[in-house]
Amino acid sequence: MRALAALLLTASAAHADPLPRFDDVSARIPTHVYTGGWEHFVGGGVAALDCSGNGLPDLVLAGGTSDALLLRNEGAMAFTPEPLPITGMTGAYPIDIDGDGQLDLFILRVGPNMVLRGLGDCAFEDATEALGLDPGDAWSTAFTAWWAPGAPRPTLFVGNYVDRNDPTGPFFACDDNQLLTPDGTGWRATPLSPGFCPLSALAARDARDRLTLRLSNDRHYYVRGGAEQMWDIAEQRFLGPEDGWGDWQLWGMGIASRDITGNGLADVYLTSMADQMLQLAQPGGSYSVAPYAMGHTAHRPATGDDGRPSTGWHAQWGDVTNNGRADLFVAKGNVDQMPDLAMADPNTLLIQGQDGRFTEVSDRAGIADPERSRGAALIDLTGDGRLDLVVVNRRAPARLYRNVTEGTGNWLAVDLRQSGANTFAIGSRVTVTTDQGAQWQEVSIGGGHAGGHLGPLHFGLGHASEAQLHVIWPDGQESHKIATSLNRRVTLMRED
């Protein structure tokens with residue numbers, strides 16, 4: 001850690017990168033507000049998926065006590081709203097749950113959850129009962145999924161918040177979480193406890209390079225006796241100090257996973273009230289807190305005169321200038337009227353420099369919205385290789401931003417497909433190598449806050465002219481490809 005800190009403090013950039021710039025094009029979508037009382041202080045997620053089949057991500061925005069909103073992407077930042085009359089919705093995640101190659105939606109709600117089966121052309125039907133899924137009747141706020149080896153369907157994790165039926169709550173009243181395991185023609189529902197009020201969940205490789213369920217929990221309601229959790233999926237047990245897992249406690253909201261140090265292990269950014277935490281994965285399986293000098297904390301509003309601590313929600317890595325380094329977007333906003341925390345709390349955009357340090361640029365980039373933001377998606381909405389942004393707000397309209405940064409680098413969007421139940425190859429690892437180095441991403445479902453994206457992985461490549469692609473598929477089989485033509489989408493089909 002001392003060596004890393006010294007490197008960060010002494011390295012210098014060889015040349016200036018372009019400053020990110022976004023245009024606010026929110027007028028192109030209908031006014032949509034995430035509404036509701038205390039049961040919707042949290043949630044408000046965005047799901048991004050190509051349900052129309054035109055190669056561009058469509059959007060589903062949670063509405064809380066209002067209807068959800070489906071936005072069909074017509075290209076060039078034009079969207080057609082489609083009715084999605086679902087209330088009580090806190091978030092949504094794309095998933096091909098039935099293995100038919102068509103993306104479905106797992107809908108998190110205050111009350112029974114839902115699975116919407118994709119029928120093509122952005123049409124959906126409620127298939128919860130037909131699929132044999134227990135919808136529960138809790139306050140659901142987190143979701144992730146993975147495919148066990150040889151399993152015909154995914155294992156699903158649903159994170160539940162405060163038990164609304166506990167008369168002694170809400171404090172010390174975190175509900176049990178729910179594990180849905182393939183069984184016969186449906187799923188077997190079992191509780192996963194103890195539950196510490198998760199607001200984000202992610203099944204992905206951890207610092208041990210093992211598939212692990214990570215839960216980011218809200219200390220506000222478990223108060224004491226709880227912590228952040230890691231559950232080893234193969235061994236079906238929670239990790240502890242003997243595994244190198246510390247007793248981390250924070251007001252956990254969102255998870256963002258990406259290798260930003262280049263050691264081949266995924267580092268993890270955690271949003272929270274009053275502070276955000278970057279955990280750097282260490283060889284041997286442990287994590288260390290990144291040094292303050294990295295500039296990642298985003299613990300105070302970057303603009304305005306409100307100096308109280310920030311509240312972070314959705315977090316997402318993405319290379320917004322395509323220079324080959326992952327940047328970070330953090331949606332921020334007061335829970336509601338918490339007086340000890342900033343009320344005017346603009347969203348954060350942290351740009352990673354060549355020295356590994358981050359610089360806050362949200363105001364100059366045009367996305368420093370001071371409303372109560374919740375879920376978001378940093379995603380290429382136009383197919384031009386630049387990551388755009390959509391943000392859901394509580395008590396204020398959703399925002400849509402187009403990335404118009406000039407002088408961006410080259411890029412690739414890598415999409416995976418395979419036969420069998422796990423059609424989108426969840427659990428695969430994609431490495432892209434150029435003369436500027438190597439970077440990798442994992443195909444996963446979960447993370448963020450109350451929403452996620454399932455589609456091509458975006459890689460910024462800087463000034464590279466070609467790239468080597470290496471895929472480790474979920475079962476360990478490997479594929480290689482050389483891309484001599486960049487700035488396009490590449491679909492890799494697994495060869496059995």
Side-chain angles (χ1 to χ4, degrees), residues 25-34 44-64 66-109 113-131 133 143 145 154 375-384 387-392 397-402 413 415-417 423-424 426 443 445 448 450-456 458 489 491:
V25 294
S26 304
R28 300 192 181 191
I29 60 174
T31 298
H32 178 78
V33 180
Y34 183 68
V46 179
L49 72 163
D50 180 10
C51 60
S52 65
N54 67 354
L56 297 173
D58 308 290
L59 302 171
V60 174
L61 280 57
S66 301
D67 283 348
L69 176 64
L70 170 62
L71 295 171
R72 179 195 288 264
N73 190 343
E74 309 291 356
M77 281 294 181
F79 294 86
T80 299
E82 306 241 341
L84 194 60
I86 299 174
T87 58
M89 180 173 160
T90 58
Y93 287 85
I95 181 173
D96 183 5
I97 199 167
D98 54 7
D100 65 354
Q102 183 71 48
L103 284 176
D104 314 300
L105 284 168
F106 195 98
I107 305 295
L108 299 175
R109 299 178 67 240
N113 297 319
M114 302 172 64
V115 175
L116 300 185
R117 176 187 282 133
L119 304 176
D121 198 29
C122 287
F124 295 91
E125 66 177 4
D126 183 355
T128 315
E129 183 177 355
L131 290 170
L133 272 164
F143 178 79
L378 186 64
I379 186 172
D380 182 3
L381 292 169
T382 65
D384 68 355
L387 295 177
D388 309 298
L389 179 65
V390 58
V391 183
V392 169
R399 301 282 192 259
L400 180 67
Y401 302 93
R402 182 168 189 170
D415 211 5
L416 302 183
R417 294 290 186 277
T423 55
F424 284 76
I426 306 302
V443 184
I445 295 172
H453 163 238
L454 187 50
H458 176 268
R489 176 175 173 171
T491 300

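Note that the structure is predicted; figures quoted are calculated from it, not measured.
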Counting C-beta onward and ignoring hydrogens, is there a side-chain heavy-atom pair between [X] and [Y] closer than 4.5 Å?
{"X": "I95", "Y": "P154", "value": "yes"}
{"X": "I29", "Y": "L59", "value": "no"}
{"X": "T90", "Y": "Y34", "value": "yes"}
{"X": "R417", "Y": "F424", "value": "yes"}

Is a side-chain N or O of [X] found less than 3.5 angstrom from the main chain of [Y], in a donor-acceptor match?
{"X": "D58", "Y": "N73", "value": "yes"}
{"X": "T128", "Y": "V115", "value": "yes"}
{"X": "D388", "Y": "L381", "value": "yes"}
{"X": "D100", "Y": "Q102", "value": "yes"}
{"X": "Y401", "Y": "V25", "value": "no"}
{"X": "R489", "Y": "G55", "value": "yes"}

Supply the atom-to-atom distance [X] [atom1] to [Y] [atom2], rounded to the nearest 0.5 angstrom.
{"X": "T87", "Y": "R109", "atom1": "OG1", "atom2": "CZ", "answer": "5.5 Å"}
{"X": "Y93", "Y": "L454", "atom1": "OH", "atom2": "CG", "answer": "12.5 Å"}
{"X": "L69", "Y": "H32", "atom1": "CG", "atom2": "NE2", "answer": "5.5 Å"}
{"X": "L71", "Y": "L400", "atom1": "CG", "atom2": "CG", "answer": "8.5 Å"}
{"X": "D380", "Y": "L387", "atom1": "CG", "atom2": "CG", "answer": "6.5 Å"}
{"X": "L49", "Y": "D96", "atom1": "CG", "atom2": "CG", "answer": "11.0 Å"}

Looking at every non-hydrogen atom in both residues, tell me the closest pair between [X] and [Y] and how far apart they are.
{"X": "A92", "Y": "M89", "answer": "CB-CE, 3.5 Å"}
{"X": "G452", "Y": "P94", "answer": "O-CD, 3.4 Å"}
{"X": "A398", "Y": "L61", "answer": "CB-CD2, 3.8 Å"}
{"X": "L119", "Y": "F124", "answer": "CD1-C, 4.2 Å"}
{"X": "E82", "Y": "R72", "answer": "OE2-NE, 3.0 Å"}
{"X": "G99", "Y": "T423", "answer": "O-CG2, 3.7 Å"}

Are there more than 12 heavy atoms of other residues, nucleotides or ligands under 6.0 Å from atom CD of E129? no
